Amino acid sequence: MLKLIQNEWMKLMSKKATWIMAILLVVAIVGFTGLSKLSERFTDTTWLEDMEADVVQMEEQLASPDLTDDERADLEAQKQGLEETIATNEEWNQPGSRESIIVNAFGIMLLVTLFTIIASAGIVASEFSQGTIKMLLSRPVKRWKILTSKYVTILLFGLALTVLTYVFTIISAFIFFPAAEGNSIIWSGSDLAVTAVWAKSAYMMFLSLMNVFMISTFAFMVGSVFRSTSLAVGLSIFFFFTGSMIVLFLEKFEIAKYIFFAHDLTQYEIGFKMLESNTMALSVAVLSVYAVLFMVVSYLTFIKRDVTA
Amino acid sequence: MTNTEKMPPVGWCLCLERGHNVGVKPVVELKNLSKTIGKKKIIDNLNLSLYPGQITGFLGPNGAGKTTTIRMMVGLMRPSEGDVLIEGKSLKDDFEGSISKVGVIVENPEMYKFMSGYKNLLHFARMHDGVTKARIDEVIAQVGMQNRIHEKVSTYSLGMRQRLGLAQALLHRPKFLILDEPTNGLDPAGIREFRMYLRSIAENEGVSVFVSSHMLSEIELMCDRIAIIQNGKLIDVEETADTEKSHYYIEALPASAVENILVAEGFEVELFNDGFIIEAEKEQIPGLIKKLATEGILLFAVNPHRKTLEDQFLEITGGGQIAEAHTK
């Protein structure tokens with residue numbers, strides 16, 4: 001089995017497309033991090049300072065004894081509104097730090113998802129389109145072993161891209177951004193201790209990777225059932241992008257709970273649940289059922305198929 | 001033509017499963033092999049044994065079921081009924097054990113074009129037990145590809161791809177080599193080289209070779225034995241025998257008188273073009289010419305005639321499918 005995985009990995013790594021994807025990924029990571037540094041420099045914060053000056057002025061006015069009760073209440077309300085605006089904007093305008101970039105590394109997993117889908121869709125389908133499937137299946141190796149080696153290779157590929165993403169995000173965060181001032185950074189509207197950044201970011205990457213595996217398993221199934229790379233890529237990306245909309249449409253119905261797009265695992269950490277009723281346990285259960293279903297369909301069709309191509 | 005190459009047969013005797021195979025264990029046995037797709041029986045109850053050191057040709061018109069049969073023999077398709085035994089092991093029950101003795105080139109050898117020839121061989125070598133790096137190098141030398149083995153397959157000519165295809169089929173020292181349309185797209189020199197190579201591994205290593213082709217002349221030059229399939233049924237297994245009867249072509253007028261004389265002389269007469277074909281010994285011919293001359297027959301030609309495989313093939317399979325379709 002190890003030899004078979006070695007084979008699949010060798011084939012994947014011999015394709016130009018694989019390297020182009022890896023290079024694009026690195027360029028995107030370094031580029032985005034650099035850009036966010038650049039945009040920080042141009043961010044106009046003078047209006048915030050103006051607001052702060054206004055507040056100071058209001059406090060002075062409030063201090064004078066000439067005000068009627070009505071005027072005083074009015075002014076108090078105005079001041080409070082301003083203060084709230086300042087508070088929220090300060091939160092968002094907190095200067096970028098190494099830690100905030102690292103903890104948000106999972107954002108680039110969108111690309112990892114895309115690339116893993118492409119590799120997954122083609123790993124079985126391309127053998128058929130190249131005609132090499134005939135060479136592959138007339139060997140003293142059972143078909144389920146060949147399919148397993150391909151699936152494991154896809155999981156490894158997804159993992160490799162994820163590690164690449166994480167490492168390069170950390171490197172570019174260290175290049176472009178200073179360490180956070182103080183002991184906490186703001187993450188998803190709340191405070192996060194700087195010391196917890198590594199655990200948090202790694203956990204987020206792990207959850208994103210699970211999402212990558214799910215959609216790749218789907219692409220793997222479509223690719224091995226229909227033997228068409230483009231169909232598998234198309235369908236997977238279509239569902240990947242419209243999945244949350246579909247869930248939104250069906251939100252009112254019980255069935256929404258059982259759609260696999262409703263169970264993006266990162267939702268529990270971001271604090272924005274797709275469905276009120278969602279829990280981590282439910283999501284894991286639903287995703288597991290789907291994963292098993294996809295694999296069973298893949299294996300059955302691959303093992304039973306008469307190769308006529 | 002070199003001496004090692006088999007001379008084309010001068011005709012072949014019709015005999016099912018010839019006697020000299022008795023006692024030799026077949027490498028491959030097809031047993032009641034059938035394949036039904038939908039309601040159509042593509043392959044109908046095929047029985048065939050293939051022996052070591054022998055090259056068996058597999059002939060049949062398009063759509064007769066050659067490719068389906070071969071696909072079933074290498075595990076790409078599942079037989080609806082029957083089984084294939086390779087060195088006594090069932091393809092159905094012991095896939096890995098039986099197929100490990102088989103080397104396959106199915107149609108054009110489709111390789112991973114984006115990898116070098118060497119990586120392709122390495123890839124297939126890993127799928128067999130006990131193929132060492134040394135063995136890979138040995139096979140590369142055997143097919144004469146040392147110089148370009150590390151270049152990408154996409155840069156290879158068709159001939160080189162064929163040789164690489166042969167190399168991957170030989171890696172694990174198969175006892176049975178199966179080739180589907182192996183010489184498709186090869187130039188005459190390539191075909192000849194290929195043919196001689198097949199003969200040498202059949203003779204020297206006792207490999208049983210099974211070759212399917214449309215190219216009758218090709219099969220004729222290469223094979224010891226020919227299996228003919230039509231409409232999914234094996235209609236004939238013949239040896240390209242060494243002791244053929246000689247045939248003569250006689251062109252003479254008037255035709256009816258000639259035929260009468262020939263029949264009277266005890267020859268079996270067959271119409272061919274503007275004349276007749278008879279089976280006769282060389283010694284009989286002068287007497288026959290004298291006889292015809294004295295009877296006042298106008299004699300235009302008496303030639304030794306070699307029935308080509310094509311003639312016999314068309315004879316056996318009933319010739320044109322187009323004509324057949326019209327009569328339906």
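Computed from a predicted structure; not experimentally measured. Reminder, nothing fancy here: chain letters follow the sequence lines and each chain counts from 1.
Taking 4.5 Å as the limit, some side-chain heavy atom of Tyr112(B) sits within range of a side-chain heavy atom of Leu136(A). Residues Arg71(B) and Lys134(A) have side chains in contact (heavy-atom distance under 4.5 Å, counting atoms from C-beta outward). With contacts defined as side-chain heavy-atom distances shorter than 4.5 Å, the pair Asn120(B)/Met135(A) does not qualify. Residues Arg139(A) and Phe124(B) form a side-chain contact, since some pair of their non-hydrogen atoms from C-beta on lies under 4.5 Å apart. A heavy-atom distance below 4.5 Å is not found between the side chains of Asp306(A) and Met72(B).
Looking at Glu127(A), only its side chain comes within 4.5 Å of chain B, counting heavy atoms on both sides. Within the 4.5 angstrom heavy-atom criterion, only backbone atoms of Arg305(A) (N, CA, C, O) approach chain B. Contacts of Lys11(A) with chain B are made by both backbone and side-chain atoms, with heavy-atom separations under 4.5 Å. Using a 4.5 Å cut-off between heavy atoms, Leu4(A) touches chain B through its side chain atoms alone.
Not counting sequence neighbours, Phe157(A) has no partner by the ring pair (Phe, Tyr, Trp, His ring centres under 6.0 Å) test. Applying the ring pair (Phe, Tyr, Trp, His ring centres under 6.0 Å) rule to Phe218(A) yields the partners Phe239(A), Phe294(A); only residues at least two apart in sequence or on another chain are considered.
Top candidate by heavy-atom pairs under 4.5 Å with chain B, chosen from Met10(A), Lys142(A), Glu8(A), Lys304(A), is Met10(A). No other option in Leu76(B), Val104(B), Ile99(B), Val74(B) has as many heavy-atom pairs under 4.5 Å with chain A as Leu76(B). Chain A forms the most heavy-atom pairs under 4.5 Å with one residue out of Glu110(B), Gln168(B), His123(B), and that residue is His123(B). Contact tally against chain B (heavy-atom pairs below 4.5 Å) for Lys15(A), Lys145(A), Lys16(A): the top residue is Lys15(A).
Within 6.0 Å of NZ in Lys31(B) there are 12 or fewer heavy atoms belonging to other residues, nucleotides or ligands.
Annotation: residues 126-133 of chain B contacts chain A through Arg126(B), Met127(B), His128(B) [non-hydrogen atoms, separation under 4.5 Å]. Below 4.5 Å, heavy atoms of chain A meet heavy atoms from Phe95(B), Glu96(B), all part of residues 79-96 of chain B.
Summarising the geometry, atom CE belonging to Met115(B) is positioned 9.0 Å from atom OG1 belonging to Thr132(A); distances are rounded to the nearest 0.5 Å. Taken to the nearest 0.5 Å, the CE atom of Met13(A) stands 10.5 Å off from the NZ atom of Lys119(B).
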